[in-house]
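Note on naming: letters A, B, ... go to the chains in the order of the sequence lines (proteins, then strands), and numbering restarts at 1 for each one. Quick caveat: nothing in here was measured; it's all calculated off a predicted structure.
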2 protein chains.
Amino acid sequence: MEPDPDGDIDHGAPLPPYRQLAGILAARIRRGDWQPNRAIPSEAHLVQEYGLARATVRRAIAVLVDQGVLFVVPQRGTFVKPDSEQPSMPNA
Amino acid sequence: MEPDPDGDIDHGAPLPPYRQLAGILAARIRRGDWQPNRAIPSEAHLVQEYGLARATVRRAIAVLVDQGVLFVVPQRGTFVKPDSEQPSMPNA
DNA sequence: CAACATTTGTTCGTATGTATC
DNA sequence: CGATACATACGAACAAATGTT
């Protein structure tokens, strides 16, 4: 099981875990780990990966949805919003 | 002479208990009992540990916050300020 | 159609912390 | 030193929609 590229959650830190996770996910999106209009890992997966409660994961996602970085499709998944800021490649 | 770094509170001493506690906590921080950006024990814990009223504990914390040794994050905890002056290890 | 797995939506209970009175 | 309020986090369970076989 590989640990996360971005580091783990620090429960003793001043920043609440859900804020930490929101930052981590935002960084991974910016880095291109997940492409626009594609689903990020499921809540259950993120729970496993970061050792957090599902409520905490959902809260982090809610932050990014509020920021316009992600959008949720019920019963389908959570996706990276396309027009956040993607360097459009001049015709590939 | 400063109060014992690890001694208990002396209610008969000239120095008020909240000042004694502030000194004790400052000493423990200097000693590295709690790392920068990490939470110190909760107020309730300190109440238990030193046999003081919460108001007294909060007063001691307020002193250290005022001195720039600690900072409080509402609903999260009280944390050791990172740039207070951590003795950088003389080369390990 | 049925059965199953996956995923988000929702709600309840419990615990810990600080804030305030 | 109580009592209450609020924010945060964990755990569990169930519902609903979707996709697959």
Task: Transitive ILVMFWY cluster of B:Val73, excluding itself - 4.5 Å side-chain cut-off - done: B:Phe71, B:Phe79
Task: N or O in side chain of A:Thr56 less than 4.0 angstrom from D:dT8 OP1/OP2 - done: no
Open item on the list: Once side chain to side chain donor-acceptor pair (under 3.5 Å) is applied, do any residues pair with A:Asp10, and if so which ones, sequence neighbours excluded?
Closed with: B:Arg38
Task: Test side chain to side chain contact (heavy atoms under 4.5 Å, CB included) applied to B:Val63 - qualifying residues, sequence neighbours left out - done: B:Tyr18, B:Ala22, B:Gln67
Task: Of A:His11 and B:Gly51, the one whose closest DNA chain D nucleotide lies more 5' - done: B:Gly51
- [ ] Using atom CG of B:Leu46 as one end and atom P of D:dC1 as the other, report the distance to the nearest whole Å.
- [x] 14 Å
- [ ] Return the set of residues passing side chain to side chain donor-acceptor pair (under 3.5 Å) with A:Arg54 (not counting sequence neighbours), or none when no residue passes.
- [x] A:Glu43
- [ ] Between B:Ala53 and A:Val57, name the one whose nearest nucleotide on DNA chain D is closer to the 5' end.
- [x] B:Ala53
Open item on the list: I'd like to compare against my own output: the B/S/- annotation of nucleotides 12-21 of chain C with a strict under-4.0 Å heavy-atom distance to protein.
Closed with: -----BBS--
Task: Pairs satisfying side chain to side chain donor-acceptor pair (under 3.5 Å), at least one member in residues 68-80 of chain A, at least two apart - done: none
Open item on the list: Which heavy atom of B:Val47 sits nearest to which heavy atom of B:Leu52, and what is that distance?
Closed with: CG1-O, 3.0 Å
Task: Distance, rounded to the nearest Å, where A:Arg59 contributes CZ and D:dG11 contributes C1' - done: 16 Å
Task: Touch class at under 4.0 angstrom, heavy-atom based, for B:Leu52 against every strand present - done: sugar-phosphate
